[in-house]
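We number each residue from 1, following the sequence as shown. From a predicted model like this one, the values you see are computed outputs, not experimental measurements.
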Amino acid sequence: MIKFEAPHYLYGLFIILVFVILYIFINLLVKKCLASYGHPQLVKRLMPEVSPVMKHLKFSILMLSLACFIIALANPQVGASLEKGVRKGVDIMVCLDVSTSMLAEDASPNRLEAAKMAMSRFIDKLQGDRIGLVVFAGKSFVQLPITSDYAAVKMFISQVNTGMIGEQGTDIASALDLAAFSMLPENVNDENVSKINKLTSKVIVVVSDGEDHFNEAAEKAQEVNELGIIVHTIGIGSAKGEPIPVKSRHGNIDFRKDSEGNTVITRLNEVALKEIAQYGKGVYVHAGNANMGFDKIIEEIDKMYKSDLEEITFSRYESKFQIPLLIGIFLLVIETLLFVTKPKWVNWLKVNITAIKTAAFIAVFLSCFMLNAQTKEELRAIRQGNTIFKEAEQQRKDALKLMQDENPLSQRKAEDKLKTAYENYQK
């Protein structure tokens with residue numbers, strides 16, 4: 001299903017009709033002026049390089065480009081419908097800090113890896129809740145939208161690293177804003193969607209060392225809470241501080257330094273995280289054990305109202321303005337490269353048409369011999385790929401079955417199978 005975020009911009013397409021009428025009028029005016037110089041056929045012979053066809057083609061391409069820009073401005077969106085189903089639980093969005101300060105080793109093996117392992121154990125304890133993931137540093141983006149597919153969440157968590165976001169820093173406010181936007185339905189006027197929104201409890205869990213380089217996080221937490229979302233925070237690291245290890249080109253371990261050559265020390269900022277939790281009506285937990293404080297978060301979530309409800313089918317839309325924008329730019333470049341004169345290649349084509357036909361026939365003839373060998377290699381690769389893919393599918397299905405068993409051994413086997421399946425998918 002396709003819709004436009006700003007359909008009123010589509011009225012701009014009427015300007016193309018105005019340009020077409022104006023173009024026709026100007027062409028008639030030019031013909032009338034040329035006719036005053038002599039017979040049209042004589043005037044045409046006096047301007048042998050002028051090509052009306054190329055002139056009309058350039059104008060048509062220009063109008064198509066303009067149409068693409070107007071459509072891009074209206075922002076076409078594609079929606080994927082959700083299936084109906086009964087669930088009971090809370091919507092949870094985890095905001096995970098992936099700034100370089102999370103590489104500090106005051107948690108084993110480092111802050112980020114310890115948080116990822118604790119999140120996997122946290123997911124094992126969820127019962128009917130949906131969970132999503134936002135990663136942030138100087139910027140933030142949704143790594144995984146809200147879902148009840150715990151296996152997929154674990155797989156996405158395992159891929160998180162500090163290199164995902166190029167802009168360094170710790171913008172917690174941006175992460176809270178994006179997480180809240182991702183959790184709330186877009187169609188707030190829909191009665192069924194509003195019912196789901198009111199009945200379902202929502203939680204944001206910020207996992208960070210609290211070194212916020214921006215000052216709006218507490219205010220943003222309050223705004224998010226006013227939308228009905230509780231904000232909890234988990235602080236990772238030590239207050240005394242720890243240097244940030246970095247690997248040199250030669251594989252040697254050094255520590256990050258500032259512009260003056262001093263070693264950078266990253267410290268847990270509990271004050272900022274406590275303030276965010278306070279304004280978000282949640283709790284602050286210091287990650288001081290193997291579960292990194294997620295046990296306390298589980299307790300808080302269990303206290304919340306977990307509704308039984310039927311999900312009404314609605315669409316979550318994804319913006320696709322990039323497609324018409326790129327097409328418009330491409331057409332504009334083509335229009336710029338064309339001239340109103342007759343292209344030289346047309347005359348060259350007329351002269352060399354026999355040679356071109358002969359070369360094309362020889363190329364087709366030779367390709368018939370080369371195609372068989374190439375096809376054998378391709379078929380062999382396809383068969384090998386299909387075999388590996390089927391193995392990955394079977395491993396994933398086995399893992400999902402094992403995850404239904406609460407036995408810790410079965411859970412570990414399931415994680416191993418999912419890891420193997422992911423590696424096979426990559427192959």
Side-chain angles (χ1 to χ4, degrees), residues 80-94 96 113-135 142-160 182-183 196 199-205 207 232 234 289-314 316 386-427:
S81 297
L82 302 177
E83 296 181 358
K84 290 183 178 180
V86 177
R87 65 178 176 89
K88 179 179 181 179
V90 174
D91 282 352
I92 307 165
M93 184 64 82
V94 179
L96 181 59
E113 292 301 321
K116 287 163 60 176
M117 289 186 287
M119 285 175 63
S120 293
R121 291 190 288 270
F122 168 68
I123 292 169
D124 292 336
K125 297 177 182 179
L126 298 180
Q127 296 179 351
D129 306 299
R130 297 194 308 173
I131 186 169
L133 178 63
V134 169
V135 294
V142 178
Q143 172 76 351
L144 182 68
I146 288 284
T147 179
S148 55
D149 187 350
Y150 296 156
V153 179
K154 285 187 175 183
M155 187 176 294
F156 274 88
I157 288 173
S158 67
Q159 303 304 310
V160 172
S182 302
M183 298 177 79
I196 292 175
L199 288 176
T200 309
S201 300
K202 294 177 173 59
V203 173
I204 294 177
V205 182
V207 184
H232 301 301
I234 296 178
N289 54 29
N291 291 319
M292 305 294 286
F294 278 101
D295 285 345
K296 179 63 177 177
I297 303 299
I298 283 284
E299 292 177 11
E300 294 297 320
I301 290 174
D302 288 340
K303 294 177 186 177
M304 300 180 73
Y305 173 71
K306 296 191 176 186
S307 58
D308 285 325
L309 64 147
E310 182 180 351
E311 291 184 346
I312 307 301
T313 300
F314 63 96
R316 180 179 296 278
N386 285 340
T387 301
I388 297 173
F389 178 80
K390 288 176 182 178
E391 290 176 3
E393 282 288 277
Q394 187 59 47
Q395 288 159 350
R396 184 181 66 83
K397 291 176 181 178
D398 293 343
L400 292 177
K401 289 180 181 178
L402 286 169
M403 291 183 72
Q404 295 175 0
D405 188 355
E406 297 182 356
N407 189 331
L409 181 60
S410 299
Q411 295 294 324
R412 284 197 294 273
K413 288 182 178 179
E415 289 181 7
D416 291 339
K417 284 186 175 290
L418 279 176
K419 183 178 179 181
T420 305
Y422 176 79
E423 291 173 355
N424 283 334
Y425 283 134
Q426 294 299 315
K427 291 180 184 178

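Under a 4.0 Å N-O distance rule, the pair K413/D398 does not qualify as a salt bridge.
Every residue meeting the salt bridge (charged side-chain N to carboxylate O under 4.0 Å, His left out) condition with E300, not counting sequence neighbours, appears here in chain and number order: K296, K303. Applying the salt bridge (charged side-chain N to carboxylate O under 4.0 Å, His left out) criterion to K390, with sequence neighbours excluded, gives no partner residue. Partners of E391 according to the salt bridge (charged side-chain N to carboxylate O under 4.0 Å, His left out) rule, which considers only residues two or more places apart in sequence or in another chain, do not exist here.
In this structure, M292 and A118 approach most closely via the heavy-atom pair CG-CB, 3.2 Å. The two atoms that bring K116 and S158 nearest to each other are NZ-O, 3.4 Å, heavy atoms only. Closest heavy-atom contact between L400 and A151: CD2-CB, 3.8 Å. Across all their heavy atoms, V207 and A115 have their closest contact at CG1-CB, 4.0 Å. Here the closest non-hydrogen pair linking G132 and I146 is N-CD1, 3.7 Å. Summarising the geometry of M155 relative to Y422, their closest heavy-atom pair is SD-CD1, 3.5 Å, with the distance given to 0.1 Å.
Rounding to the nearest 0.5 Å places NZ of K397 at 13.5 Å from NZ of K417. The line from CE of M93 to CG of L133 is 8.0 Å long, rounded to the nearest 0.5 Å. Remark: M403 CE to I123 CD1 distance equals 8.5 Å, nearest 0.5 Å. Atom CG of N424 sits about 13.0 Å away from atom CZ of R396, to the nearest 0.5 Å. Atom CD1 of I131 sits about 10.0 Å away from atom OG1 of T147, to the nearest 0.5 Å. Here the CG atom belonging to L418 is positioned 7.5 Å from the NZ atom belonging to K154, to the nearest 0.5 angstrom.
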Given the rule in the side chain to side chain contact (heavy atoms under 4.5 Å, CB included) test, do F122 and I301 qualify, once you have shown the distances and angles that lead to the verdict?
-> CA-CA 12 Å; F122 168 68; I301 290 174; 4.1 Å; yes
Let me see the working for E393 and Y425 under side chain to side chain contact (heavy atoms under 4.5 Å, CB included), right down to the final yes or no.
-> CA-CA 9 Å; E393 282 288 277; Y425 283 134; 2.3 Å; yes
Should L126 and I298 be marked as a side chain to side chain contact (heavy atoms under 4.5 Å, CB included) after you check the CA-CA gap, both sets of side-chain angles, and the distance that decides it?
-> CA-CA 8 Å; L126 298 180; I298 283 284; 3.9 Å; yes
Check the pair I157 / V94 against side chain to side chain contact (heavy atoms under 4.5 Å, CB included), numbers first and verdict last.
-> CA-CA 11 Å; I157 288 173; V94 179; over 6 Å; no
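Of the possible donor and acceptor atoms, none in the side chain of D91 sits under 3.5 Å from a partner among the backbone N and O of K202.
Between Q143 and L96, the closest side-chain pair of non-hydrogen atoms is not below 4.5 Å. When side chains are defined from C-beta on, D124 counts as touching E415, because their heavy atoms get closer than 4.5 Å.
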